[in-house]
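Input: a single structure, listed below in structure tokens.
Any value given below was found using the heavy atoms of this structure, including those in side chains, with hydrogens, waters and symmetry copies removed. Because the structure is a prediction, the values reported are computed rather than measured. In what follows, every chain begins at residue 1, and chains take the letters A, B, ... in the order their sequences are listed.
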Amino acid sequence: VFTYTILAKGLCDTSRTDRALELLEEMRLQGCNPNTVTYNTVIYGLCKFDNVEAAEQLVQRQMPGDGCVPNVITYNSLIDGLCKVGKIESALKILKDMEEKLIPGPDTTSFNTILDAFCKEGKLKKAYKIMEHMKSIGHACNVVSYNIVLGGLAKLGRISEARRVLEEMVANNIAPNVVSYNILVDGMCREGMVYDANMILKAMRTNGIKPDTITYSTILDGFCKRGKIAQARELLGEMLREGLLLNTVTYNILIQSVSKEGRISEAEKLLQKMRQRGLTPDTITCNIMIQSLCKNGKVDKAIQVMDSMWVQGTDAI
RNA sequence: UAGCGACUCCUAUCU
């Protein structure tokens with residue numbers, strides 16, 4: 001069963017969910033019936049592939065036949081799948097069922113999934129309501145719950161409110177993590193508050209949270225987008241001194257920055273460095289390079305770059 | 001009593 005489940009996951013991860021469904025059939029023929037974990041794997045895959053109906057069919061039709069009982073994870077996957085296709089109402093129904101019938105009872109993840117759905121739609125009032133509901137039934141929020149809400153606020157540019165939520169976390173003895181801070185920093189940068197973001201970075205250190213590549217990349221991008229090259233350089237130096245490595249996204253930010261200034265050769269140098277460090281340019285790298293060349297009227301050069309990308313390898317297919 | 005499978009939620013870069 002283990003082996004088959006791993007295989008099922010492999011198929012699902014490569015979006016070949018139809019093959020995964022066939023695999024379930026094959027397992028039964030081999031007398032090696034899938035268990036709940038196997039089902040969860042496939043259900044999760046179907047949900048990620050926006051095929052919630054098929055996932056629900058599995059739960060209702062096939063699982064009982066194999067004597068499998070859906071667990072929290074099964075339902076959480078369904079809830080997530082429903083939310084991602086915009087059917088929050090149906091998702092709420094499942095959650096309610098779980099609460100009332102305790103088929104299994106919901107866990108924090110169940111609530112978080114719904115929270116995330118509301119926050120992604122900018123419906124913070126509903127999100128707050130869910131949080132209150134959780135509290136009223138004695139279900140604790142965790143870091144992720146708060147991070148989801150922080151993300152919702154940050155995306156709406158409600159920075160001061162986000163700051164308050166962060167303080168509330170601390171007051172509730174839920175320690176903010178790197179992600180919490182990164183969300184806040186990102187929101188600030190989008191609102192043009194790059195310097196405030198830089199302050200947060202310093203505050204992180206004093207709070208014992210190590211800023212990571214994402215923290216630095218976010219602020220770097222903020223500086224670059226506003227032409228604050230000197231500050232960007234300084235930050236980059238800081239980042240390297242901390243022993244952090246640049247990843248593809250960081251390079252993309254830098255390449256875009258120098259490209260905007262029309263420094264094409266500089267961009268190419270960065271691209272080379274990137275490869276030397278074993279990083280593969282992705283779709284975004286290609287787009288940045290090609291766009292900047294075309295804007296400078298160097299269409300031929302753009303085609304040349306595209307070809308070389310192809311030859312030297314890229315994740316952009 | 002430890003070591004293998006699921007899964008469940010959050011953050012950065014182009015268009």
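Of the side-chain N and O atoms in A:Lys295, none sit less than 4.0 angstrom from OP1 or OP2 of B:rC14. Dashed line: the shortest gap from a side-chain N or O of A:Arg190 to OP1 or OP2 of B:rU11 is not under 4.0 Å. OP1 or OP2 of B:rU8 has not a single side-chain nitrogen or oxygen of A:Tyr75 nearer than 4.0 Å.
The side chain of A:Asp186 has B:rA12 as its nearest neighbour among B:rG5, B:rC9, B:rA12. Nearest nucleotide to the A:Asn147 side chain, out of B:rC10, B:rA6, B:rU13: B:rC10. Picking from B:rC14, B:rC9, B:rU11 the nucleotide with the shortest atom distance to the side chain of A:Asn287 gives B:rC14. Nearest to the side-chain atoms of A:Asn40 among the listed nucleotides B:rA6, B:rC9, B:rU13 stands B:rA6. The side chain of A:Val1 approaches B:rG5 more closely than any other nucleotide in the set B:rC9, B:rG5, B:rU13. Nearest nucleotide to the A:Thr113 side chain, out of B:rG5, B:rC9, B:rC10: B:rC9.
Atom CG of A:Leu246 and atom C1' of B:rA12 are 13 Å apart (whole Å). Atom CG in A:Asn71 sits roughly 14 Å away from atom C1' in B:rG5 (whole-Å rounding). Here the C1' atom of nucleotide B:rU11 and the CG atom of A:Asp116 are 12 Å apart, to the nearest Å. Across the protein-nucleic acid pair, A:Leu7 atom CG and B:rA6 atom P stand 13 Å apart, rounded to whole Å. A:Leu46 places its CG atom 17 Å from the P atom of B:rA6, with the value rounded to the nearest Å. Here the C1' atom of nucleotide B:rU11 and the CD1 atom of A:Ile214 are 6 Å apart, to the nearest Å. For A:Leu24 and B:rG5, the CG to C1' distance is 14 Å, given to the nearest whole Å. Residue A:Leu184 contributes atom CG, which lies 13 Å from atom P of B:rA12 at whole-angstrom precision.
A heavy atom lying under 4.0 Å from RNA chain B marks none of the residues of residues 117-142 of chain A. For RNA chain B, the neighbouring residues in residues 217-240 of chain A, judged by any heavy atom under 4.0 Å, are A:Ser217, A:Thr218, A:Asp221, A:Lys225.
Ion pairing of A:Lys125 with A:Glu132 is absent here, as no side-chain N (NZ or NE/NH1/NH2) approaches a carboxylate O to less than 4.0 Å. Taking the charged nitrogens against the carboxylate oxygens, A:Asp97 and A:Lys93 have no contact shorter than 4.0 Å, which rules out a salt bridge. Salt-bridge annotation for A:Glu238 and A:Arg205: present, with a side-chain N of the basic residue lying under 4.0 Å from a carboxylate O of the acidic one. Salt-bridge annotation for A:Lys301 and A:Glu268: present, with a side-chain N of the basic residue lying under 4.0 Å from a carboxylate O of the acidic one. Classification of A:Lys48 and A:Asp80 as a salt-bridged pair holds, one side-chain N sitting under 4.0 Å from a carboxylate O. Salt bridge A:Lys84/A:Asp50: absent, no basic N to carboxylate O contact under 4.0 Å. Note on A:Glu99 versus A:Lys96: no salt bridge recorded, every NZ/NE/NH1/NH2 to OD/OE distance being 4.0 Å or above.
Sorted by first and then second residue, the ring pair (Phe, Tyr, Trp, His ring centres under 6.0 Å) pairs involving residues 124-157 of chain A (not counting sequence neighbours) are A:Phe111-A:His139.
Shown here for A:Ile88 and A:Ala117, the closest heavy-atom pair between the two residues is CD1-CB, 3.7 Å.
A:Ile255 CD1 to A:Thr285 OG1: the interatomic distance, rounded to the nearest 0.5 Å, is 6.0 Å.
In terms of polar N and O atoms assigned as donor or acceptor, the side chain of A:Asn247 comes within less than 3.5 Å of the base of B:rA12 in a complementary pairing.
A:Lys84 comes within 4.0 angstrom of nothing in the nucleic acid, heavy atoms only.
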